[in-house]
Structure formats: structure tokens, C-alpha cells
Protein chains: 2
Amino acid sequence: MGIRERRQREVAGREQRFLGAARDLIRQDGLLNLQMSKVAEKCDYAVGTLYQHFVSKEDLLVALATDEAQERVDMFQRVHDWRASTRERMIGFAVADMLYARRNPGHFRLFQFALTEVVWGAAPASRRQACLDANAPLRQLTLALIDEAVRKGDLDLRGLRPDEVCLAPWAMAFGMHSIMHTEGLLEHHEVREPYHLMLRHLSELLNGLGWKPLADPMNHAAFDALAERICKEVLHEYVC
Amino acid sequence: MGIRERRQREVAGREQRFLGAARDLIRQDGLLNLQMSKVAEKCDYAVGTLYQHFVSKEDLLVALATDEAQERVDMFQRVHDWRASTRERMIGFAVADMLYARRNPGHFRLFQFALTEVVWGAAPASRRQACLDANAPLRQLTLALIDEAVRKGDLDLRGLRPDEVCLAPWAMAFGMHSIMHTEGLLEHHEVREPYHLMLRHLSELLNGLGWKPLADPMNHAAFDALAERICKEVLHEYVC
DNA sequence: ATCAAATTTTGAATCTGATTCAATATGCGC
DNA sequence: GCGCATATTGAATCAGATTCAAAATTTGAT
């Protein structure tokens, strides 16, 4: 009875080992120098076996991005379940990303690459779908928070759909991550503490959306305090 | 005397032809299928000649992104010089991008790819610098507008540096472009008219930044009117 | 325990497409 | 027209992803 299942578990375990090896190699040599044969070698398997799991290098890359999404989702879930105002939790999502980026500095670079026409288009549709599914909770949790905010009177949609509101912070966060993780883009800009800035700009965006309680953008200390509080109360396990 | 110069002009002209051919091939077959030999062939040159201009495929891609930046800069310049409030001109930048994306739908995809570790890191440093330089005016014009807004009392920096304010709309626009141009990302989101939404969210962000005169987010018609006006008065040559 | 069928693993061979560079051609001043 | 310098060529090379026939292993029946 369990034979088929055992095998399945073994295979799943091997897949994780391949992904782990790929992650290590990327950390060590950069995305640029990732080679399929090295990944197989690092796990003491033949390339052919690696190709049993991933039909192409692109498939592997998208799978890796998918795999890494889980932890990010967990962090978002924690924040969502936190007993705090909807607005604080919205900021909490950004703090989660901040911590996540610190623990896994390569993720956003990889993700950006995976979403590129060249990689995304060459990965099998099923893998793309799995990647979208793995990331879907981020949207779901944000939408749930938006709904809750509307119900509680913290937010007025002003004719927008929840998804349309959701797009605003999403775009800002996505853009910030992309810009920050691209070598040389911010170098000549006079920007201190990009992540702190991200929280502030997100806060200004929420003010602009009329998401109550509105924050005083001058109150620098309040941001630090909030971020600190989120790290301590909600995401302590993820602080590094 | 002019011999050396003529040759230089010929070479520069050829470079443009190569870039044009690459652009055409990408439009036709997708970024995914771009081949150096095809680019050379399309211009009736040997591959070796192509490599005289671009030391690698990555070099060519970054050069292409660089080349395309010029038109975008021109549009921003037009908007910057427009006789209108600082806030209207800020929105104008986004409208320019909107039109630009319509005329050159591949640009943001290419740009996103070029900024990727894999391409960016493999391109020669000089080419990367050229690309940054070509895009620098976008930042300069935005900073100039921010300065002007501060001088006129439309905007209070509230302790931020101009570059730090600049980052907010930049990140949002960058994020929006990236999300919109990635196949399958927005498909299941209930988003109508992504570009219209972008103007609205940018406007909300500017409200949050306290950039006067504040706009009423409910006034749907005012946005359309402003966008329309910018197209007509400032960017008519670029409307397609 | 033994065997043959079925499944899995292997890695050398193949294939694709970027990149090189020795040979060839062209342009230049004399 | 000659010899040098420079530019062009494209077949050869190279890197690395991908394949697939052979070898190994597992399974289930006897």
C-alpha cells in the first residue's frame, strides 16, 4: 500500500535537495553561473535524474522561486492574524518583506528574473501556475485585509474594486524591491535606509488612499516603533 | 581630414541598423528567440562584424534598452517644460510612460530583463554606465520638478531628500510597468484599465506626499480630462 | 530465493547557439 | 600598382543545456 507513497516521498525529498543545492550554488556563484550539471553533481545524481524533476533550467528556476514563496506567505499570514488595526497590519506586510529580504537576499532577484519573458515563457505552463498559486495567498491575505478595513470603516473604496486597491501597495513594494536589488541603480541616488523609506512611502500611499487611522508622516519615531513592535510581537522567529 | 569621421559615421549608422534589426526580431519572435546570427544576417553582415559592436549578446540587449530610452526622455522633457502646475506635470510623466508603452510595448519587458542580474552582470561596465546615463535625465527632470514644487510651496519635503521623494513615484511606476507587462500576473485580478488605475494611484500617492493642489480621488472625470489634455497639448506627436 | 518485466538512473553523446580568430578582403598613402 | 593597416568574414570552437540508449535497480509473481 505504502510503497508507491514511500517512493513519492523519496522523490519529493530529492526535489527539495535539488532546489536546496541550486539555492546554495546561486548564493555562492550568482544566478549568472548556475549550471544544471553542477546542481546534479552537488546532490550526487546524474543530470538525467535532475531532468526527471525539471524539464529545463527555466523550470528549475521557477520552481525555486515557487518554493521560496512559502516562507513569505507564512510571514504574511502571521501579520494578517495579528491583533492590530488594519492599517498597522498593512504596514506589517511590508515589514515582513523587509525581514524576508534580509534572510533571503537572493529571492527578489531570482523572482524578478523568473518573471522575465525569457524565463517565464520557457517554463512549462503547469510550473507557472504552481508559482502563481504559491504566491496567491499574498494577494488573498491583502484582499482579506482590505475587506476587513472596509467593513470596519477604516477604508472607503471610492469606487475601486478591492483588487484595484491591492495593486497600489503591490506595485510600490514590487518596484522598491526591484530597484533596491538591481546593482548600481540606487548608487548615485541620495537615499538612506531604503527599507525604512519604503515603510514611509507605503504609509504615505495609505494616507492618500484614505486608509485610517491616517499617520503623521513627520513622526519618524512612530515608524521605527511600529516596525520594531511588529518584529517583536509578530515576526520574532524571522528576525535575523 | 573627414575620412576618419566618415568611417565613424558609417560605423555608428551600422550600429543603429543592428539595433533596429534586433528590435524587429524581438517584436517578431520574442525576446526568448533572439539570436545573434539572425541579427547579423538581417543586416547582411557576418556575425564577427556584429561582435565588433557588441562584445556579447547581453551587451547588445543593454545597448538596445539604452537606445530606446531616448524617446522616453524626450517625452519627459516635453512634460517638464509644459506650462502647468508641478502636480499636473508629475502626472504628465506617468501619461508619457503610458503613451510610450503603447508605442513600444516591448520596452518595459526588455528593460526589466536588461536589469536582471544575469544580463546586467554580463554586460560590460561601460555599457551599463551608458544605460544609466541615458536614463539619468528621467531622474534629473523629476528632481527638478520636485525642487520647483518645493520652491513654489506645492510640496513640503518633511525631512526627506529630493531623491527620497523621487523614489516613491519611481517605484510605483516601475512596479506597475513590471506587473502589467508580465504575462499572467494580472489575469486573475479584477483590474480594469491598468493604466488609468496607475494615474489614479499615483495621484493618491501625491496626495499622501502632500503635493498640492490635492486631488479629489472620487473625481474620475478629472483624471480622464487631465490625461486627455496632456496628450493633446504636450504629447500629441507621440499619440498613436 | 529467483526471474523477467517495469521502472529508474546514468552519463556520454548530441544539439544549440554564442563566441572566436585565422584567413581574406578592403581601403589608404605612396 | 604596391605594401601596410584596418575591417570583414564565416567556418571552427566552445560552453553548457538537453537527450536517450544502455545499465542498474525495484517490483511482484512463482
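Here the structure is a predicted model, which is why all the values come from computation and not from measurement. Protein chains get the first letters and strands the later ones, always in sequence-line order, with residue 1 at the start of each.
Applying a 4.0 Å cut-off to non-hydrogen atoms, the residues of residues 41-53 of chain B that approach DNA chain D are B/Tyr45, B/Ala46, B/Val47, B/Gly48, B/Thr49, B/Gln52, listed by residue number. Listed by residue number, the members of residues 26-37 of chain B with any heavy atom below 4.0 angstrom from DNA chain C are B/Leu34, B/Gln35, B/Met36. Listed in residue order, the members of residues 116-131 of chain B having a heavy atom less than 4.0 Å from DNA chain C come to none. Against DNA chain D, the stretch residues 60-68 of chain A makes no heavy-atom approach under 4.0 Å.
The phosphate of C/dT9 has OP1 or OP2 within less than 4.0 Å of a side-chain N or O from A/Arg14.
In this structure, CD of B/Glu58 is placed 11 Å from C1' of C/dT19, rounded to the nearest angstrom. Between the NZ atom of B/Lys38 and the P atom of C/dT19 there is a distance of 16 Å, given to the nearest Å. One atom, CZ of B/Phe18, and another, P of C/dA18, lie 14 Å apart when rounded to the nearest Å.
A side chain to side chain contact (heavy atoms under 4.5 Å, CB included) with A/Pro162 is found for one member of A/Ile146, A/Leu145, A/Leu167 and no other, namely A/Ile146. Under the side chain to side chain contact (heavy atoms under 4.5 Å, CB included) test applied with A/Met198, the options A/Met176, A/Met98, A/Met172 reduce to a single match, A/Met176.
The salt bridge (charged side-chain N to carboxylate O under 4.0 Å, His left out) analysis of residues 89-104 of chain A, with sequence neighbours excluded, yields the pairs A/Glu71-A/Arg103, A/Arg72-A/Asp97, A/Arg89-A/Glu148. Pairs engaging residues 107-116 of chain A under the side chain to side chain donor-acceptor pair (under 3.5 Å) rule: A/Glu68-A/His107, A/Tyr100-A/His107 [sequence neighbours left out]. Applying the salt bridge (charged side-chain N to carboxylate O under 4.0 Å, His left out) definition to pairs two or more places apart or across chains, those involving residues 37-50 of chain A are A/Asp24-A/Lys42.
Here B/Arg127 pairs with B/Glu15, B/Phe54, B/Asp59, B/Val62, B/Ala63, B/Pro124 under the side-chain contact (heavy atoms from CB on, under 4.5 Å) rule; sequence neighbours left out. In this view, B/Glu187 satisfies the salt bridge (charged side-chain N to carboxylate O under 4.0 Å, His left out) rule with no residue, not counting sequence neighbours. Residues satisfying the side-chain contact (heavy atoms from CB on, under 4.5 Å) criterion with B/His196, sequence neighbours excluded, are B/Glu193, B/His220, B/Phe223, B/Asp224. When the side-chain contact (heavy atoms from CB on, under 4.5 Å) test is applied to A/Ala134, the partners found at least two apart in sequence or on another chain are A/Thr66, A/Ala69.
Considering all non-hydrogen atoms of both residues, B/Glu190 and A/Asp163 come closest at N-OD2, 2.9 Å. Here the closest non-hydrogen pair linking A/Pro169 and A/Met90 is CG-CE, 3.6 Å.
Going from atom CG of A/Leu34 over to atom CG of A/Asp29 covers 8.5 Å, rounded to the nearest 0.5 Å.
Residues B/Glu117 and A/Glu183 are not in side-chain contact: their nearest non-hydrogen atoms beyond the backbone lie 4.5 Å or more apart.
Recorded end-axis angle for the helix from C/dA1-D/dT30 to C/dC30-D/dG1 stands at 0°, based on five pairs per end and rounded to 10 degrees.
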The test is side chain to side chain donor-acceptor pair (under 3.5 Å); show your working for B/His177 and B/Tyr195 and say whether it passes. CA-CA 9 Å; B/His177 289 307; B/Tyr195 270 115; 3.2 Å; yes
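For an aromatic pair to be called close, the ring centres must be under 6.0 Å apart, and A/Phe174 with A/Phe108 fails this.
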